[in-house]
Undergrad: 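Mind looking over this structure? Questions follow.
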Amino acid sequence: VLLRAVALKQDEGDVWLELGTVSARQSEWDRARQELEAARRFSPADPRAALFLGEVLWKLERRREALACLRDAIRLNPTDWQPRYRLAHNLTQQGDFSEAAAEYREALRLNPASLKSKLGLAAVLPNLGRREEALQDVPIAVSVFSSDDLRLLQAQDLGGLQGSVPNLN
């Protein structure tokens with residue numbers, strides 16, 4: 001059905017965007033890249049196309065291009081916390097902890113309830129020599145575990161969680 005829609009509306013960015021997200025969900029990364037690049041061509045102001053293309057390019061290990069797409073998604077919609085979180089997460093994987101911390105903070109400013117951003121920030125701060133600041137976020141990380149989780153992990157105290165929570169001391 002989507003392929004027929006694309007045949008009828010080849011210049012519709014939304015159709016290419018939908019097709020690209022379907023291909024990405026099926027882990028067809030090269031196809032998703034091509035479709036999302038078409039979405040960006042036909043809808044250059046759509047931040048979703050930049051965000052999704054950035055994620056696909058990251059999967060394809062095209063790091064520099066992926067980061068550029070994520071930054072473009074932020075430029076196109078500066079009030080959306082998700083591209084900032086994705087950028088921070090990818091920067092963390094790349095070892096750029098300083099910029100990652102800044103992006104996690106901005107994601108939290110835009111969405112203070114983002115547990116992913118809180119945990120990400122808590123994980124990068126010790127790499128910047130700011131362990132005490134990171135420890136302020138540990139109760140949030142610990143609260144992620146239910147009592148059943150803690151029993152399964154055989155955790156009687158924080159020491160028992162060290163293998164499950166990054167940078168927990």
Side-chain angles (χ1 to χ4, degrees), residues 17 20-21 23-30 32-33 36-37 40 46-169:
L17 180 64
T21 57
S23 294
R25 275 188 241 122
Q26 295 172 349
S27 300
E28 295 177 8
W29 305 118
D30 284 319
R33 178 191 53 79
L36 292 168
E37 285 174 346
R40 289 204 70 196
D46 189 340
R48 300 170 303 163
L51 173 62
F52 297 146
L53 180 57
E55 292 179 5
V56 166
L57 289 168
W58 192 264
K59 292 283 189 185
L60 291 169
E61 298 186 15
R62 294 169 65 170
R63 307 294 192 222
R64 189 179 1 215
E65 293 170 84
L67 296 176
C69 282
L70 294 171
R71 287 184 175 105
D72 198 35
I74 292 167
R75 180 188 61 77
L76 292 167
N77 187 2
T79 61
D80 186 1
W81 69 276
Q82 292 180 11
R84 290 194 180 275
Y85 166 75
R86 293 302 316 157
L87 178 60
H89 178 76
N90 292 351
L91 290 166
T92 300
Q93 290 181 342
Q94 199 169 277
D96 189 346
F97 303 119
S98 182
E99 189 179 352
E103 291 299 335
Y104 280 128
R105 281 198 174 92
E106 187 59 20
L108 284 167
R109 186 187 69 74
L110 296 168
N111 180 8
S114 170
L115 181 60
K116 290 179 180 181
S117 297
K118 289 176 185 179
L119 291 174
L121 182 59
V124 298
L125 288 175
N127 294 303
L128 296 171
R130 298 182 2 225
R131 190 168 296 282
E132 292 77 27
E133 192 177 342
L135 290 175
Q136 295 172 6
D137 291 326
V138 169
I140 293 161
V142 172
S143 68
V144 169
F145 297 102
S146 70
S147 59
D148 290 337
D149 293 334
L150 294 173
R151 254 192 313 283
L152 286 172
L153 293 169
Q154 299 176 349
Q156 301 300 317
D157 57 20
L158 289 179
L161 290 176
Q162 284 189 322
S164 301
V165 178
N167 300 312
L168 179 62
N169 291 312

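Keep in mind it's a predicted model, so treat the numbers as computed, not measured. Residue indices begin at 1 and follow the sequence shown.
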Undergrad: Do E65 and L60 touch side chain to side chain, with heavy atoms closer than 4.5 Å?
TA: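 The answer is no, as the side chains (C-beta and beyond) never meet within the 4.5 Å cut-off.
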
Undergrad: Tell me if a side-chain donor or acceptor on K118 pairs with a main-chain N or O of Y104 at a distance below 3.5 Å.
TA: no

Undergrad: What heavy-atom pair brings P126 and A123 nearest, and what distance separates the two atoms?
TA: CD-O, 3.6 Å

Undergrad: Taking all heavy atoms of A50 and all of C69, pick out the closest pair and write down the distance.
TA: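 Shortest heavy-atom separation between A50 and C69 comes out as O-CB, 3.4 Å.
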
Undergrad: Does R25 have any side chain to side chain contact (heavy atoms under 4.5 Å, CB included) partners at least two apart in sequence or in another chain, and if so, which?
TA: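 Partners of R25 under the side chain to side chain contact (heavy atoms under 4.5 Å, CB included) test: E18, T21, V22.
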
Undergrad: Can you see which heavy atom on R33 is nearest to which on V56, and at what distance?
TA: N-CG1, 3.8 Å

Undergrad: Can you check side chain to side chain contact (heavy atoms under 4.5 Å, CB included) on W29 and E61, steps first, answer last?
TA: CA-CA 11 Å; W29 305 118; E61 298 186 15; over 6 Å; no

Undergrad: Shortest non-hydrogen contact from A24 to A32?
TA: N-CB, 3.7 Å

Undergrad: Give every residue pair that meets the salt bridge (charged side-chain N to carboxylate O under 4.0 Å, His left out) criterion with at least one member in residues 107-117, sequence neighbours excluded.
TA: E106-R109

Undergrad: For T79, check side chain to side chain donor-acceptor pair (under 3.5 Å) against everything at least two apart and list the hits.
TA: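 If we apply the side chain to side chain donor-acceptor pair (under 3.5 Å) test to T79, skipping adjacent residues, the hits are N77.
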
Undergrad: Restricting to non-hydrogen atoms, name the atom on F97 and the atom on V124 that form the minimum distance, rounded to 0.1 Å.
TA: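 Nearest pair, atom of F97 first, then V124: CD2-CG1, 4.0 Å.
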
Undergrad: For L17 and A49, work out which heavy atoms get closest and say how close.
TA: CD1-CA, 3.7 Å

Undergrad: Can you tell me how far the CG atom of L57 sits from the CG atom of N90, to the nearest 0.5 Å?
TA: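 Rounded to the nearest 0.5 Å, the CG-CG separation comes to 10.5 Å.
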
Undergrad: Just to verify, what does R40 make a side chain to side chain donor-acceptor pair (under 3.5 Å) with, not counting sequence neighbours?
TA: D72

Undergrad: Got a sec, which residues hit side chain to side chain contact (heavy atoms under 4.5 Å, CB included) with A102, two or more places apart in sequence or on another chain?
TA: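 Counting only residues at least two positions away or on another chain, A102 forms no side chain to side chain contact (heavy atoms under 4.5 Å, CB included).
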
Undergrad: Cut-off 3.5 Å, no hydrogens considered: what does the side-chain donor-acceptor table look like for residues 80-89, sequence neighbours left out?
TA:
from : atom 1 : to   : atom 2 : distance (Å)
D80  : OD1    : Q82  : N      : 3.1
R84  : NH1    : E103 : OE1    : 2.8
H89  : NE2    : Q93  : NE2    : 3.1

